[in-house]
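Shown next, in structure tokens, is the structure this report addresses.
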Amino acid sequence: MSDHDIEKRSDDGRNEDVSRENSEKEQLNLTTFHEQRAGRLVVSPEEARIEFGEAIASKLKLSKDGTKVLWPQPTDSPHDPQSWSTRRKHLHLFIITLAAIVPDFDSGIGIASIFPLATQFNTTTGVINDMTSNWSIFLLGWGGLFAVMLIRRYGRLPILFWSQIFALGFLIGCTFAPNLKTFTAMRCLNGFFATAPQVTGLYVVTDLFPFHLQARKLNIWTMGFIISPFLSPFAFGFLVARTTWRWAYGIGSIYGAIVCLLIIFFMEETMYDRTVSPIPEPAGQGGLRYRFETLIGITGYKMAKYRISWKDAILSPFNVVWRPHLLIILVFEAMVFGFSIGINTTNAVFLGSPPPLGYGFSQFAIAGGYGTPIVAVLIGELIGRFNNDFIMNVTIRRNNGVFEAESRLWHVVSNKAAIHDTKIHRFVHRACYLAMPLYICGFIVLGASFQKHLSVGALVMGWGISELAVMINTVAVYAYCNDCFPKHQGEISALINLARTLGGFSVAYFQVPWALKHGALQVFGVEAAIVIGLFFLSVPFIQIKGQKLRVSIYIHISPHLSHHCTFFQDKYSL
């Protein structure tokens, strides 16, 4: 072959590459692009001009200060939740956070009432924990899976409304239960139905807020359900010390009723079918009838024809959970959060039991002790808020305006001198790495406090540091999984919820007997060692391989878009 032929073929190849790039850019659907490029988003307007071209970049809508591209791209419709006013968005965030408190808050009432319940039903605290607390926690996880299947078909609002109505009814049943069997059934059913806000919340946050604000808002919503199991033991511990346990469940029912009223009067449907063309907008009709039909699910039933089939809705969680980068992080989070659930359910026993097992605290002292994790979670919310924002902003800046999902776990930086440089440099700014030393410290100090009967100050510090670590780690895990699977927020939320409950519901079965036999220091030390072992087995692997797993799995499940992915992967060295 002559040099002229080689040169001509080379020129033809370059022309084909340019044509292919232009064709890819023309095919970009800005409405769904954030879902197609799961885990990697171009946030900087300058980088958008390079990657998408000036024609497409000029159409992108930016944040008010003009520094970030909005993902998802809001439409011009006033019915698009992304286009709602800031006040309207924050009202919905406030209500969904209050609703997310309900499941674990209701479950935690049993912790405050454990000794009176044992007396009332003529049994032991161990039986009360085994029959009511543990199984209600177990059902909290499974209820979320069923809720997300319905949400994918009928929308956020009706499932949230009906779930809280049923949960309220069963909590009222707990209040007036005449015997232990009835009480157990009511409490378990309450746990199954009440859990919906812990699934709906991630949907609502991503429906309302653009990518660059989601981690901060998720921090608030996550704080709600992490702090909730401590609120009821703290508040009702003082109450139960002076009156019957039925008053605690009665006041819990009043709180549930308030949440239901807020949902009825102020919550709106945030599900916006932006992937359908043209976008259906039932909210356009407005009026009281639309409001009523949307609340009870008639509108959702009519809109189901635009959404995924029942088969896809049912299989969706199972189609997501097998992804290696998700399954690995779920196992890790299951143990991190699960052991903290064990602390919550058994600390009342440790604090109230006489030595050598516990401190022999009064009911008032036990209630006061539950103020410790409340303060810790609030501190964790502040740390998580600034830590996640810092990680995101520094990553975007040093990665030439691109955000990678793995930076939620540590700081991923592409230090490219030019856009075609293929080297990706990673260094440490880690949310999970910040949480793990705190986790070890907190669990060891807490175990030593129970076994050696250290001062109350040591007990408070150990418990508080443990919950601070859980808060920081959980927010990072939620944000990472949400970034990786932007089309499956409900499934992600349900699976994380299921993982933490499966990891924690059984801890109360073995924690107290184990501590009686070998000491609390061994119990909490082994639990911390399990978590750290899983951390070293999972988080570094995801940091190194998670990016490749995201791209390769996306190409595998979306063959009609594989050329698009391969083009960007080759060009930007993903």
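Just so it is clear, the values below take in all heavy atoms, side chains as well, and ignore hydrogens, waters and symmetry mates.
Here the CD1-CD1 distance, from I254 to I172, works out to 9.5 Å after rounding to the nearest 0.5 Å. Rounded to the nearest 0.5 Å, atoms CD1 (I308) and OG (S316) are 5.5 Å apart. Atom CG of D207 is separated from atom CE of M271 by 8.0 Å, given to the nearest 0.5 angstrom. F265 CZ to L295 CG: the interatomic distance, rounded to the nearest 0.5 Å, is 10.0 Å. In this structure, I496 CD1 and F337 CZ are separated by 10.5 Å, a value rounded to the nearest 0.5 Å. Put simply, CG on L378 and CD on E467 are 12.0 Å apart, with the number rounded to the nearest 0.5 Å.
In terms of modelled atom types and a separation under 3.5 Å, the side chain of W247 and the main chain of F236 share no donor-acceptor contact. Distance alone, capped at 3.5 Å, is enough to place a donor-acceptor pair between the T501 side chain and the L498 backbone. E381 places no side-chain N or O within donor-acceptor distance of the main-chain N or O of N219, the cut-off being under 3.5 Å. For T195 (side chain) and G191 (main-chain N/O), no donor-acceptor pair under 3.5 Å exists by modelled atom type. Between the side chain of K68 and the main chain of S63, no donor-acceptor pair closer than 3.5 Å is present. Between the side chain of S506 and the backbone N or O of L502 there is no donor-acceptor pair closer than 3.5 Å.
Looking at heavy atoms from C-beta onward, L157 lies out of side-chain contact with T270 at the 4.5 angstrom threshold. Looking only at side-chain heavy atoms (C-beta outward), S493 and Y203 stay at 4.5 Å or farther from each other. Contact of the N319 side chain with the D312 side chain is not registered, since no non-hydrogen atoms from C-beta on lie closer than 4.5 Å. Considering only heavy atoms from C-beta on, P373 stays 4.5 Å or farther from N344 through its side chain. Taking the side chain as every heavy atom from C-beta outward, Y370 and N347 approach each other to under 4.5 Å. Annotation: side chain of M267 is in contact with side chain of L160 (closest heavy-atom distance under 4.5 Å). Counting only heavy atoms from C-beta outward, the side chains of R88 and P81 never approach each other to under 4.5 Å. Considering only heavy atoms from C-beta on, L70 stays 4.5 Å or farther from L62 through its side chain.
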Given the rule in the side chain to side chain contact (heavy atoms under 4.5 Å, CB included) test, do I251 and I109 qualify, once you have shown the distances and angles that lead to the verdict? CA-CA 10 Å; I251 296 174; I109 299 174; over 6 Å; no

Begin with the C-alpha distance, continue with both residues' side-chain angles, and end with the deciding distance and a verdict on ring pair (Phe, Tyr, Trp, His ring centres under 6.0 Å) for Y249 and F183. CA-CA 11 Å; Y249 278 92; F183 178 82; 5.4 Å; yes

Evaluation steps, side chain to side chain contact (heavy atoms under 4.5 Å, CB included), between M131 and L180: CA-CA 9 Å; M131 289 187 65; L180 183 57; 3.8 Å; yes

Walk me through it: do I329 and C481 pass the test side chain to side chain contact (heavy atoms under 4.5 Å, CB included)? CA-CA 9 Å; I329 205 71; C481 295; 3.7 Å; yes

Evaluate R187 against S107 for side chain to side chain contact (heavy atoms under 4.5 Å, CB included), listing each step before the verdict. CA-CA 8 Å; R187 192 169 174 192; S107 180; 3.9 Å; yes

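Residue pairs meeting the ring pair (Phe, Tyr, Trp, His ring centres under 6.0 Å) criterion with at least one partner in residues 153-177, sequence neighbours excluded, are Y154-W310, F166-F193, F170-F193. For the salt bridge (Lys or Arg N to Asp or Glu O under 4.0 Å) condition, the pairs that include at least one residue of residues 277-294, sequence neighbours left out, are R289-E293, E293-K302. Contacts classified as side chain to side chain donor-acceptor pair (under 3.5 Å) and involving residues 222-246 (residues at least two apart or in different chains) are given here: Q120-W245.
The distance between the ring centers of F332 and Y480 does not fall below 6.0 angstrom.
Here T182 pairs with A177, P178, N179, M186 under the side-chain contact (heavy atoms from CB on, under 4.5 Å) rule; sequence neighbours left out. A search for ring pair (Phe, Tyr, Trp, His ring centres under 6.0 Å) contacts involving F209 returns H90, not counting sequence neighbours. Partners of L139 under the side-chain contact (heavy atoms from CB on, under 4.5 Å) rule, at least two apart in sequence or in another chain, are C188, F192. D80 meets the side-chain contact (heavy atoms from CB on, under 4.5 Å) test with P74, T75, Q82, S83, Y272, R274; sequence neighbours excluded. For H79, there are no ring pair (Phe, Tyr, Trp, His ring centres under 6.0 Å) partners at least two apart in sequence or on another chain. For R153, there are no salt bridge (Lys or Arg N to Asp or Glu O under 4.0 Å) partners at least two apart in sequence or on another chain. Judged as a side-chain contact (heavy atoms from CB on, under 4.5 Å), and not counting sequence neighbours, the contacts of A147 are I159, A196. Remark: E491 pairs with R152 by the salt bridge (Lys or Arg N to Asp or Glu O under 4.0 Å) rule, at least two apart or across chains.
Using a cutoff of 4.0 Å between basic side-chain nitrogens and carboxylate oxygens, D273 and K305 are not scored as salt-bridged.
Atom CZ of F94 sits in a sparse spot, with 12 or fewer heavy atoms from other residues, nucleotides or ligands closer than 6.0 Å. Around atom CZ of F146, no more than 12 heavy atoms belonging to other residues, nucleotides or ligands sit under 6.0 Å away. Residue F266 qualifies as open at atom CZ: its count of foreign heavy atoms under 6.0 Å is 12 or below.
When all heavy atoms of P233 and A112 are compared, the closest pair comes out as CA-CB, 3.7 Å. The shortest non-hydrogen separation linking L208 to H92 is CD1-CB, 3.7 Å. Taking both residues in full, the closest heavy atoms of N473 and A435 are given as CB-CB, 3.9 Å, listed atom of the first, atom of the second, then distance. Here the closest heavy-atom approach between residue I114 and residue A348 is recorded as CG2-CB, 4.5 Å. The two residues V470 and V336 come nearest to each other via the heavy atoms CG2-O, 3.9 Å. Residues A194 and Q164 share a closest heavy-atom pair of O-NE2, 3.4 Å.
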Atom pairs and distances, donor-acceptor, side-chain atoms in residues 97-106, under 3.5 Å, two or more places apart:
{"residue": "T97", "atom": "OG1", "partner": "L93", "partner atom": "O", "Å": "2.7"}
{"residue": "D104", "atom": "OD2", "partner": "Q198", "partner atom": "NE2", "Å": "3.3"}
{"residue": "D104", "atom": "OD2", "partner": "R500", "partner atom": "NH2", "Å": "3.3"}
{"residue": "D106", "atom": "OD2", "partner": "N190", "partner atom": "ND2", "Å": "3.3"}

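No hydrogens or angles considered: a donor-acceptor pair under 3.5 Å links the side chains of Q489 and T206.
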